[in-house]
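Here the structure is laid out as C-alpha cells; the discussion comes afterwards.
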There are 2 protein chains.
Amino acid sequence: MKAEGVRARVRAEMTEEIKAVARRHLASDGANLSLRAVARDMGMASSAVYRYFASRDDLLTALIIEAYDSVGAAAERAVAAAAGSGAGFADRLVLVGHAVREWALAEPHQWALIYGSPVPGYQAPQDTIGPATRVVLQIAAIIRDAYAAGRTGPQPEIAGRYAEELEAVADQFGPGVPPRLIGAGMAAFIQLCGAVSAELFGQLNNSVDEDRRGFLEFQMRGAAAFIGLT
Amino acid sequence: MKAEGVRARVRAEMTEEIKAVARRHLASDGANLSLRAVARDMGMASSAVYRYFASRDDLLTALIIEAYDSVGAAAERAVAAAAGSGAGFADRLVLVGHAVREWALAEPHQWALIYGSPVPGYQAPQDTIGPATRVVLQIAAIIRDAYAAGRTGPQPEIAGRYAEELEAVADQFGPGVPPRLIGAGMAAFIQLCGAVSAELFGQLNNSVDEDRRGFLEFQMRGAAAFIGLT
DNA sequence: GCCACAACGAGAGCACTGCTCTTGCATTTT
DNA sequence: AAAATGCAAGAGCAGTGCTCTCGTTGTGGC
C-alpha cells in the first residue's frame with residue numbers, strides 16, 4: 001500500500017523513459033526530434049505520448065532543463081575539484097572552460113539545444129531560467145572567491161549607461177563584488193559559449209583544426225586576464 | 001538576340017525571386033522554412049521549385065551564402081569607414097563589432113542560419129567557406145594594419161601545441177603577422193559571435209537587459225586589450 | 001464490494017511537410 | 001519543320017504534430 005498508487009509511479013517511470021528515449025533520438029538525429037519516432041521506439045501509439053507531454057515543445061523543454069542541469073553539474077564539479085586542489089583562480093576559470101567544452105563535445109546536440117539557435121516559435125518558460133544560470137554562477141563564484149582573496153588586480157573605471165546595469169547583475173550573481181568584475185565574468189562566460197559553439201557549429205573548420213583544446217585555453221586565459229585574475 | 005537566351009534570363013530572375021521570397025519567409029517564420037509555402041506565395045506548384053533548387057537544403061545553402069556576404073559586406077563597410085575617419089585600431093574593432101551586431105539585430109534569422117546550430121543533417125558545401133571568412137578577414141585586416149603601424153604592443157610568448165597551428169592560421173589570414181596576433185584576432189571574432197548569439201538567443205535575458213550595445217563594447221574593448229591594440 | 005470517475009492506450013483523421021514521378025505544354029536547337 | 005530540351009502542374013508517397021473518439025483499466029468514495 002504505497003502512499004502514491006501504482007499509477008503515479010508508473011506515470012513517473014513512463015515520463016522518465018520517454019525523456020530517455022528522446023535524449024537518445026536527440027543524440028543521433030539532432031534537434032528535429034520526432035514524437036512519433038519516440039513513440040514507435042517505445043512500442044506505443046504517438047497519441048499516448050501526449051498523456052505525458054502536452055506538446056513536442058514541452059518534451060523539448062524537459063530535455064532543455066536536463067541539459068542545463070547536466071552542464072551545470074559538470075561545471076560545479078570542475079570548480080569544486082579545482083578549488084579543492086588549490087588551483088589558482090585563473091586556472092580555475094580555464095578548468096571550468098575545459099569541463100564545459102568536454103561536456104559539449106560529448107553531448108553536441110544537447111549543447112545546440114540550449115546554446116544554439118532557439119527552436120522556431122519556442123519561448124523558454126520560467127522553469128528554465130534557474131538551471132540556465134548554474135554555469136555562469138560557477139564563474140561568478142570563482143570571481144567572488146578571488147575578490148575575497150584580494151587576487152583580482154586593479155579594476156579600470158567603467159563608463160557608459162550599462163555601469164548601473166552591471167550593478168544589478170552583480171547583485172544577482174555576486175553581491176558585494178565590484179560590478180565590473182561580474183561584468184567581466186559574464187563576458188568570460190559568453191566567450192566560453194562562443195568558443196564552444198564555434199567549435200561545434202563549424203566556425204573553426206579550415207582554420208583551427210588541430211589543438212582546439214589549446215585554443216580554448218588561450219581564450220580563457222585572455223578572459224582571466226581581462227577579469228584581472230592573477 | 002541575347003548571348004544568353006530568354007530562358008536563361010527568366011531562369012535567373014525566378015531563382016532570384018525564389019530566394020527573395022524565401023528570405024522573407026525566413027524573416028517571419030524562422031528556420032523552419034517551408035518550400036511549399038514559398039511556392040504558394042509565388043503562385044506556383046511546389047514541385048516547380050525543384051527546377052531551381054534540388055532540395056530545401058540547396059535553397060538554404062543559397063540563403064546562407066547570401067547571409068555571409070551580407071554580414072561580411074557590413075563588416076567591410078564598417079572597417080573602411082573607420083579606417084577612413086582615422087579611428088584608432090581598438091576603436092576599429094569596436095566599430096566592426098557594432099556593425100556586425102546591428103546587422104544581426106536587423107536579420108536575426110539570417111544570423112541564426114549562419115552562426116546558430118547547424119540544420120540537422122546539413123553539411124556546409126565548399127561554396128560557403130569563402131563568404132564565411134569575410135568578417136574574420138576584416139578583423140585580421142585591422143590587426144595587420146595595426147601591426148604594420150607598430151601599434152600592437154608587446155606580445156607575450158605562447159606555448160602549447162597550437163603555437164605551430166596558429167602559424168598556419170596566420171598564413172591564411174594575415175601573412176607576415178605574428179601568429180599570436182592572428183590567434184587573438186580569431187578569439188576576438190569568436191567572442192563577437194558569442195556575444196551576438198548570446199543576445200539574440202536569449203542568454204542575456206534576465207541579466208543584461210538594458211544597454212546591450214554598451215555591453216558588447218565592453219567585451220570588444222577587452223578583446224582589443226587582449227590583442228594588444230592601443 | 002461496488003460503482004462512478006479519471007487516467008490511459010490505441011486508432012483514425014486532419015493539415016502540413018519534403019520529395020518524386022508522370023503528363024502536357026512551351027521554347028530552343030537542329 | 002522536327003526533335004530535343006526546359007518547365008509547370010498535379011497526383012502521390014511517406015513522414016510530421018496534434019486532436020478526437022472509443023474502449024479499457026486502475027483509483028477513491030460510499
Side-chain angles (χ1 to χ4, degrees), chain A residues 1-19 21-22 24-26 28-64 109 113 118-123 125, chain B residues 1-19 21-22 24-26 28-64 109 113 118-123 125:
Chain A
M1 222 165 280
K2 309 291 174 55
E4 48 186 19
V6 180
R7 210 153 212 180
R9 203 201 54 212
V10 169
R11 179 179 179 83
E13 285 174 2
M14 284 291 282
T15 308
E16 213 54 40
E17 189 177 345
I18 291 175
K19 282 200 284 185
V21 174
R24 263 184 17 226
H25 272 75
L26 192 70
S28 63
D29 290 356
N32 51 357
L33 176 61
S34 160
L35 241 157
R36 288 180 115 113
V38 173
R40 251 195 318 268
D41 232 38
M42 299 187 56
M44 64 176 178
S46 67
S47 54
V49 181
Y50 285 85
R51 300 279 174 196
Y52 301 90
F53 294 94
S55 70
R56 182 176 167 277
D57 273 6
D58 256 40
L59 177 55
L60 276 183
T61 299
L63 295 182
I64 285 174
H109 290 105
L113 204 56
V119 181
Y122 176 79
Q123 188 60 25
Chain B
M1 223 166 274
K2 310 290 174 58
E4 47 186 18
V6 179
R7 208 150 213 180
R9 205 201 53 210
V10 169
R11 181 180 178 83
E13 285 174 3
M14 284 290 284
T15 309
E16 213 55 40
E17 188 177 346
I18 291 174
K19 282 200 285 184
V21 174
R24 266 186 13 226
H25 271 74
L26 192 70
S28 63
D29 291 355
N32 51 358
L33 176 62
S34 160
L35 241 157
R36 288 180 113 111
V38 173
R40 253 195 315 269
D41 233 39
M42 299 186 56
M44 65 177 177
S46 67
S47 54
V49 181
Y50 285 85
R51 299 274 170 195
Y52 300 91
F53 295 94
S55 71
R56 181 176 167 278
D57 273 6
D58 257 40
L59 177 54
L60 276 183
T61 299
L63 295 181
I64 286 174
H109 291 106
L113 203 56
V119 181
Y122 176 80
Q123 189 61 25

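Quick note on labels: first sequence line is chain A, next is B, and so on, each numbered from 1.
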For R24(A), salt bridge (Lys or Arg N to Asp or Glu O under 4.0 Å) partners two or more places apart: D41(A)
Can you sort out the partners of E17(B) under salt bridge (Lys or Arg N to Asp or Glu O under 4.0 Å), two or more places apart, ordered by chain and number? none
When you check the phosphate oxygens OP1 and OP2 of dT25(D), does a side-chain N or O of R11(A) lie under 4.0 Å from one of them? no
Report yes if at least one side-chain N or O of Y52(B) is closer than 4.0 Å to OP1 or OP2 of dG6(D); otherwise report no. no
Which value, rounded to the nearest 0.5 Å, describes the distance between I64(A) atom CD1 and L113(A) atom CG? 4.5 Å
Over how many whole Å does the gap from [X] atom [atom1] to [N] atom [atom2] extend?
{"X": "D29(B)", "N": "dC16(C)", "atom1": "CG", "atom2": "C1'", "answer": "13 Å"}
{"X": "L59(A)", "N": "dC18(D)", "atom1": "CG", "atom2": "P", "answer": "10 Å"}
{"X": "R40(B)", "N": "dA15(C)", "atom1": "CZ", "atom2": "C1'", "answer": "10 Å"}
{"X": "H25(A)", "N": "dG15(D)", "atom1": "NE2", "atom2": "C1'", "answer": "13 Å"}
{"X": "E13(A)", "N": "dG26(D)", "atom1": "CD", "atom2": "C1'", "answer": "15 Å"}
{"X": "D41(B)", "N": "dT17(C)", "atom1": "CG", "atom2": "P", "answer": "12 Å"}
{"X": "L60(A)", "N": "dT16(D)", "atom1": "CG", "atom2": "P", "answer": "15 Å"}

For nucleotides 18-30 of chain C, read 5' to 3', which letter fits each nucleotide if B means a protein heavy atom sits under 4.0 Å from the base, S means only the sugar-phosphate is that close, and - means neither? BBBB----BBS--
Just jot down the side chain to side chain contact (heavy atoms under 4.5 Å, CB included) partners of [X], sequence neighbours excluded, or say none.
{"X": "Y52(B)", "value": "R11(B), M14(B), T15(B), I18(B)"}
{"X": "S47(B)", "value": "A45(B)"}
{"X": "A37(B)", "value": "H25(B), S34(B), R40(B)"}

Select base, sugar-phosphate, or nothing to describe what M14(B) touches, counting heavy atoms under 4.0 Å on all strands. sugar-phosphate
